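Read the structure below first, then the notes.
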Amino acid sequence: MNYLDKLNPSQREAAMHLNGPLLIFAGAGSGKTRVLTYRVARLIEQGVDPYHIIAITFTNKAAKEMRERISNITPLGEQVWVSTFHAACTRILRREIDSGFSIYDTSDTLRLLKECIKEKNLSDTHYPPRHVAQIISAQKNELITPGEYERLVAGSFREGNVAEIYALYQKRLRESNALDFDDIIFRTVELLSHNEEIRLKYQNRFRYVLVDEYQDTNHAQYELVRLLSGYAQNLCVVGDDDQSIYGWRGADIANILRFEKDYPGAKVVKLEQNYRSSKVILDAANAVISLNEERADKLLWTENERGTPIRLYTARDERDEGYFVTQMIAKGVANGARFGDFAVLYRTNSQSRAVEDQLVTSGIPYRIFSGVRFYEHMEVKDILAYLKAINNPADEIAHLRIINVPRRGIGLASLDKIKFFAAESGLTFSQAISRAAEIDGLGKKSASVVQFAAYLDECAEFAAENSVSELMQKILNDTDYMLTIKDGTPEGEEREANIKELLAKATAFENESEDTSLAKFLEDVALVADIDNYNEDADAAALMTLHSAKGLEFDTVFLVGFEEYLFPTSRAIDSGNHKDMEEERRLCYVGFTRAKKILYLTHSIIRRRFDHIARNKTSRFLDDVPEDCIASVNMYGNERTTRPFPRNAGLEVGEGISGAGLPPALAALAKPSEKPPIINATAPPMGFSQLKQLASGQKIARTPAPRPVPTKASPPDYSVGDKVRDPKYGVGEVIDISPAGADYEVTIQFPAAGRKKFMAGWAKLSSMEAQSKRKTEESEE
DNA sequence: GAATAAATTGTTTTT
DNA sequence: CAATTTATTC
């Protein structure tokens, strides 16, 4: 194969390397993927069985791209195992330990953690679940077990409690036969380091290990790589310390910087020629990144032309900022560009809204890769929870999620009783609900609980004989789920569309995947990110976070919100930790180097933040861009000649918006942006008939639990003027008693708590006057 | 007791 | 300003 002349000398040097450790420093746009794929092709050409090669990436998207490119060069490439860290580990764990475990995502994790904190009788204000989750995650990334953590923090009361929560959390995960994202790596490392037989098996299998984005590995992943490649030492890692942007997730830049120490005799190749960006863009990016201290010495250069100076636009507000973006895209497209040539990048997902609104009104096609991710939609999680509960009966979080979806009249109080029963009898949650009849105080409710348990059993049997999509369809039919999410609002329509999309995904999975089991489907679903669906062929502008944009390139990039407290974030500014700021700086470097031809930086004079209006200075990174690389532009994108671009003082406000001076086609687009569309609160009940139609054709298998009928309460045994006791508020005086439906509403004046209203049938009020007469309290229930 | 309406609170980035 | 916790209503 004559591919070597497609590589420059450094690239060739890396691609030709066969055995022993290899470190490739690959700057942005330096042809990293090309080198990796050619190297794999060459390994195969030199007689290495593709069966012995594994390539590990961070995202499915990167894995997919590499798989395709390898297969394009050599047909044998299809046999190479190309996978993400998490998918590879999941595969190993399923094969070696257990095939049925659940994978808990962030929200599952949080829910379980809340349970644990509650069970420990700790307050979640003093131990905020998010914060505790982060601490636990950090420990797992460092391969620190609960026991080790406990010893580490010995003597500290607070952290001691966190250690106990960590231990309980792990116990509960085990009982639920579930792993969180961090466990997937941790458990694989444990498996490989403790079990020599299995370790040798995989070391023998993976004689050639390639790792992409090595600068983003955390300690657990570092250990994993070390274990996998430990025998043959044919480890090739590719990375760029300047693009390490996942420090908050435990990524340790030191891993790549100390590679030569870890793997003595390692060959080091630096790819410093950039094929992507213009000189101007690269100069700016270099200027910004050079101010970081913790980095390997290198300098990216290019033979590309100098190009158009970076455009800086000062917007009035975020709407003007979004409007400017749409104008520039429209102008570009009018001059022959494709919508897909443009990307809008931002620091936080919340910034997407303003841009999105303007794109919608101007009719520019766009795709957004952020915000609520598909699998995090409530309705999608509900259906997936059914699948998870069926796939893994021990999965408590999945059961908790759906036990009252659709409404079965099982609320918090009933759940507490079930949990108490389970804990007392040493049963798992799913075992407990099958025996709900034995639970004290559940009363009539036990019937619907038992019915729910039986329904899941029925589904499990069904699942054994039928496909995932058929199972999903069955659940949707039986539970009337579509009817529960339709509420006549546009949101309801969206939920319905999401469910249909989920069904479509299941069908696609059955057609495409080799292993079509329910477990595999759930695994695929748990390990995908929105960005994985990025499709270069779609001709639409792309909106995404800077983080998501890593690895991508676009002709024109808009980096919006280039302001202090947004980018860099207030957190990085306030923390005062220079490491945080260095990571922001790397993120800026990543953002700049996504652009091939034109880079726009925009900032806004005023910006609505949560509940107030902020006036942010321009980003400090703007000060690091050389003057001759950048030009301030007006709302038409034309360079201002009279004044320098705004620095942190003397900001200029965009001169407002009009269509004057634009070609007719664009002038139409350039109408002053209207006020944000007003959402009609009394929207017609869209899709209702459609849904009814859908539901009517399908047999409903189970009858929904009967809606609890309010029982007629007997009049309270106290009257106006009496003193009564409430368990929460203490003693108070009865002000008023009036009939309300089947019950009576009583108003009580408490000395401390003030005036409160109760429903007599439910309130636990006891009369002080009629203590002795009180005897008919449990007449019902 | 569960469903719903009101109030509050807290916001980076993601496998 | 949205999603979650707390108060109110049935």
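These numbers come from the heavy atoms of this one structure, side chains and all, not from hydrogens, waters or symmetry mates. Computed from a predicted model, the values in this text were never measured in an experiment. Lettering of chains follows the sequences in order, A, B, ..., and the numbering in each one begins at 1.
- At the heavy-atom level, A:Thr348 lies under 4.0 Å from the strands shown only through sugar-phosphate atoms.
- Atom CD1 of A:Ile103 is separated from atom C1' of B:dT15 by 10 Å (rounded to the nearest Å).
- A salt bridge links A:Asp108 to A:Lys381: one of the charged nitrogens lies within less than 4.0 Å of a carboxylate oxygen.
- The gap from the P atom of C:dT6 to that of B:dT11 amounts to 15 Å, rounded to the nearest Å.
- Side-chain N/O atoms of A:Ser414 include none lying less than 4.0 angstrom from OP1 or OP2 on B:dG1.
- If you take CZ of A:Arg608 and P of B:dT11, they are 22 Å apart, rounded to a whole angstrom.
- Put simply, A:Trp248 rests on the base of B:dT13: the two rings are less than 5.5 Å apart at their centres and nearly parallel, under 30°.
- Nucleic acid contact class of A:Arg586 (heavy atoms, under 4.0 Å, all strands): none.
- Heavy-atom nearest nucleotides on DNA chain B were determined for A:Arg347 and for A:Leu412, and the one closer to the 5' end corresponds to A:Leu412.
- For A:Arg353, counting side-chain heavy atoms from C-beta on, the closest listed nucleotide (B:dT11, C:dA2, B:dT13) is C:dA2.
- A close approach under 4.0 Å does not occur between any side-chain nitrogen or oxygen of A:Arg249 and OP1 or OP2 of B:dT14.
- Residues A:Phe58 and A:His86 keep their aromatic ring centres 6.0 Å or farther apart.
- Among the nucleotides B:dG1, B:dT14, B:dT11, the one closest to the side chain of A:Asn349 is B:dT14.
- OP1 or OP2 of B:dA3 has at least one side-chain nitrogen or oxygen of A:Asn404 nearer than 4.0 Å.
- Taking atom CG on A:Leu587 and atom C1' on B:dT13, their separation rounds to 7 Å, with Å as the unit.
- Within the 4.0 angstrom heavy-atom criterion, only backbone atoms of the sugar-phosphate kind lie near A:Phe58; the bases stay farther away.
- Rounded to whole Å, the distance from CG on A:Asp574 to P on B:dT11 is 15 Å.
- The nearest heavy atom of DNA chain B to A:Ala413 and to A:Asp182 marks one nucleotide each, and the one closer to the 5' end goes with A:Ala413.
- Look at CD on A:Glu376: it is 9 Å from P on B:dT15, rounded to the nearest Å.
- Other residues, nucleotides and ligands place more than 12 heavy atoms under 6.0 Å from the CZ atom of A:Phe509.
- Look at A:Thr545 and you'll find a side-chain N or O under 4.0 angstrom from OP1 or OP2 of B:dT14.
- Between A:Asn218 and B:dT15 there is no side-chain N or O to OP1 or OP2 distance below 4.0 Å.
- Within the structure, every side-chain polar atom (N or O) of A:Arg407 is placed at least 4.0 Å from both OP1 and OP2 of B:dA2.
- Across all strands shown, A:Lys114 has heavy atoms under 4.0 Å from sugar-phosphate atoms exclusively, and none from any base.
- When A:Arg607, A:Arg347, A:Arg615 are each tested for a salt bridge (Lys or Arg N to Asp or Glu O under 4.0 Å) with A:Glu563, only one passes: A:Arg607.
- Checking B:dT15, B:dT14, B:dG1 against every side-chain atom of A:Ser548, the shortest atom distance belongs to B:dT14.
- Comparing B:dT13 with C:dT4, their P atoms sit 15 Å apart, to the nearest whole Å.
- Following rounding to the nearest Å, A:Lys381 (NZ) and C:dA3 (P) show an atom-to-atom distance of 14 Å.
- Taking the centre of each ring, A:Phe181 and A:Tyr104 stay at or above the 6.0 Å mark.
- By the 6.0 Å and 45° rule, A:Arg67 does not stack over the aromatic ring of A:Trp81.
- Put simply, A:Lys61 has no side-chain N or O that comes within less than 4.0 Å of OP1 or OP2 on B:dT14.
- Counting to the nearest Å, the C1' atom of B:dG10 and the NE2 atom of A:His131 are 15 Å from each other.
- In terms of heavy atoms, A:Ile433 sits closest to A:His399 at CD1-CD2, 3.9 Å.
- Distance CD1 (A:Ile410) to P (B:dA2): 9 Å, rounded to an integer number of Å.
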